[in-house]
Amino acid sequence: MGIAFRKYHGLGNDFVLIDNRHQAQPLITPDDAVKWCDRHFGIGADGVIFALPGQDGTDYTMRIFNSDGSEPEMCGNGIRCLARFIADLEAAETGTAGSVYTIHTLAGVITPRLEANGQVTVDMGLPRLLATEIPTTLGSPDQKVIQHPLEVAGQTWEVTCVSMGNPHCIIFVEDVAALPLETLGPQFEHHPAFPKRINTEFIQVVRPDYLKMRVWERGAGITLACGTGACAALVAAVLSGKSDRTATLELPGGCLHIEWRDTDQRLYMTGPAELVFMGQMH
Ligand code: ZDP
């Protein structure tokens, strides 16, 4: 007997989605997720996402396993895919679907909204900025980490740290295309300054409202897009005086629209989420 799945992507950041609405225990293990995500021996994905029953009054719960089997607290592109997945399931079952969902995650309640034009806008919540909240040993525990020097690969980088529930460090560079991301990424991810490892975003400011980004993700390596990373990058750019509070983030897989709203200090991310195929895994 196989397990039914659907594959979705948000700007090429691709996920296997599992309908787990009937039980709180994920239908597959982290080890299974590693096999399913393998691009040669499995389905191929950056992670596996479960739609689980809601908790504390939320509509649903999201959990995600990275392609290395580790479990992140949040996933921005993934939660857009989850919202589309749930709406697709509901529509197939009842003929109608919701358009706003409250989702319980390890990073708090996140609220995606399906727009009429096919895009998904997500209230990603508040950024966390103190060193202990990232977590990182850089700077003092109760202070922000902005443009702080960090030695990696024989070079000193100025890093800014932002948690969107999951940990990010952001570095501004002249030319993102020129970076050897495959060799640099793992050295940031496993640097002792980051006890829970780290997602690393390199940002090129093209204009105050247009940033180019490349990402090395914790537990997944180079990906074509990262929603939490794009939100973290905009926060870092605003804190460093490099961008407006609303900007387009150009990632290898396409563009996300990100707003750090000044009225409520929350991040709003808008981007696509698309079904690729459905299948059954043995
Ligand atoms: O924090 C981590 O371990 C990430 N690999 C989680 C996945 C983040 C994601 N790419 C996003 O869009 O936020 C899904």
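What you see is a predicted model, and the numbers here were worked out from it, not measured in a lab. No hydrogens, no waters, no symmetry mates; every other heavy atom, side chains included, goes into these values. Counting starts at 1 for both ligands and their atoms, following the listed order.
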_So if I count the atoms of ligand 1 from 1 in the order they appear, which ones are less than 4.0 Å from some heavy atom of Asn166?_
1 (O), 2 (C), 6 (C)

*Relative to Phe15, does Lys7 satisfy both conditions: NZ or CZ under 6.0 angstrom from the six-membered ring centre, and within 45 degrees of the ring's axis?*
no

*asked:* Does the residue Arg197 have a heavy-atom contact with ligand 1, meaning some pair of atoms that are separated by less than 4.0 Å?
replied: no

*Answer side chain, backbone, both or neither: which part of Thr228 comes under 4.0 Å from ligand 1, heavy atoms only.*
both

_With a heavy-atom distance limit of 4.0 Å, tell me whether Asn77 approaches ligand 1 through its side chain, its backbone, both, or neither._
both

*Is the backbone of Gln265 close enough, under 3.5 Å, to the side chain of Trp260 for a donor and an acceptor to pair up by distance?*
yes

*Identify the closest protein heavy atom to atom 12 (O) of ligand 1: which residue and atom is it, and at what distance?*
Gly227 N, 2.6 Å

_To check your reading of the model: name the closest protein heavy atom to atom 7 (C) of ligand 1, its residue, and the distance in Å._
Glu217 OE1, 3.3 Å

*What part of Met74 sits under 4.0 Å from ligand 1 if we count only heavy atoms: the side chain, the backbone, both or neither?*
backbone

*Close aromatic pair by centroid cut-off 6.0 Å: Phe50 and Phe65*: yes

*Can you find a side-chain donor-acceptor pair between Glu115 and Thr121 that sits under 3.5 Å?*
yes

_Measuring from non-hydrogen atoms of Asn13 to any atom of ligand 1, is the shortest distance under 4.0 Å?_
yes

*asked:* Is it the case that the side chain of Gln155 and the backbone of Glu151 share a donor-acceptor pair, with hydrogens and angles ignored and the cut-off at 3.5 Å?
replied: no

*Row check, Tyr268 ring normal vs Arg261 NZ/CZ: under 6.0 Å, within 45°*: yes

*Can you tell me which residue and heavy atom of the protein come closest to atom 4 (C) of ligand 1, and the distance to 0.1 Å?*
Asn199 OD1, 3.4 Å

*Modelled atom types, side-chain donor and acceptor of Thr105 and Glu73, under 3.5 Å*: no

*Residue portion contacting ligand 1 (non-hydrogen atoms closer than 4.0 Å) for Cys75*: both

_Between Thr228 and Asn166, is there a side-chain donor-acceptor contact under 3.5 Å, judged purely by atom types and distance?_
yes

*Closest non-hydrogen protein atom to atom 3 (O) of ligand 1, residue and atom name please, with distance?*
Arg218 NE, 2.8 Å

*Identify, by atom number and element, the atoms of ligand 1 in contact range of Asn66, meaning under 4.0 Å from any of its heavy atoms.*
2 (C), 3 (O), 4 (C), 5 (N), 6 (C)

_If you measure every N or O of Pro72 against every N or O of ligand 1, does any of those distances drop under 3.5 Å?_
no

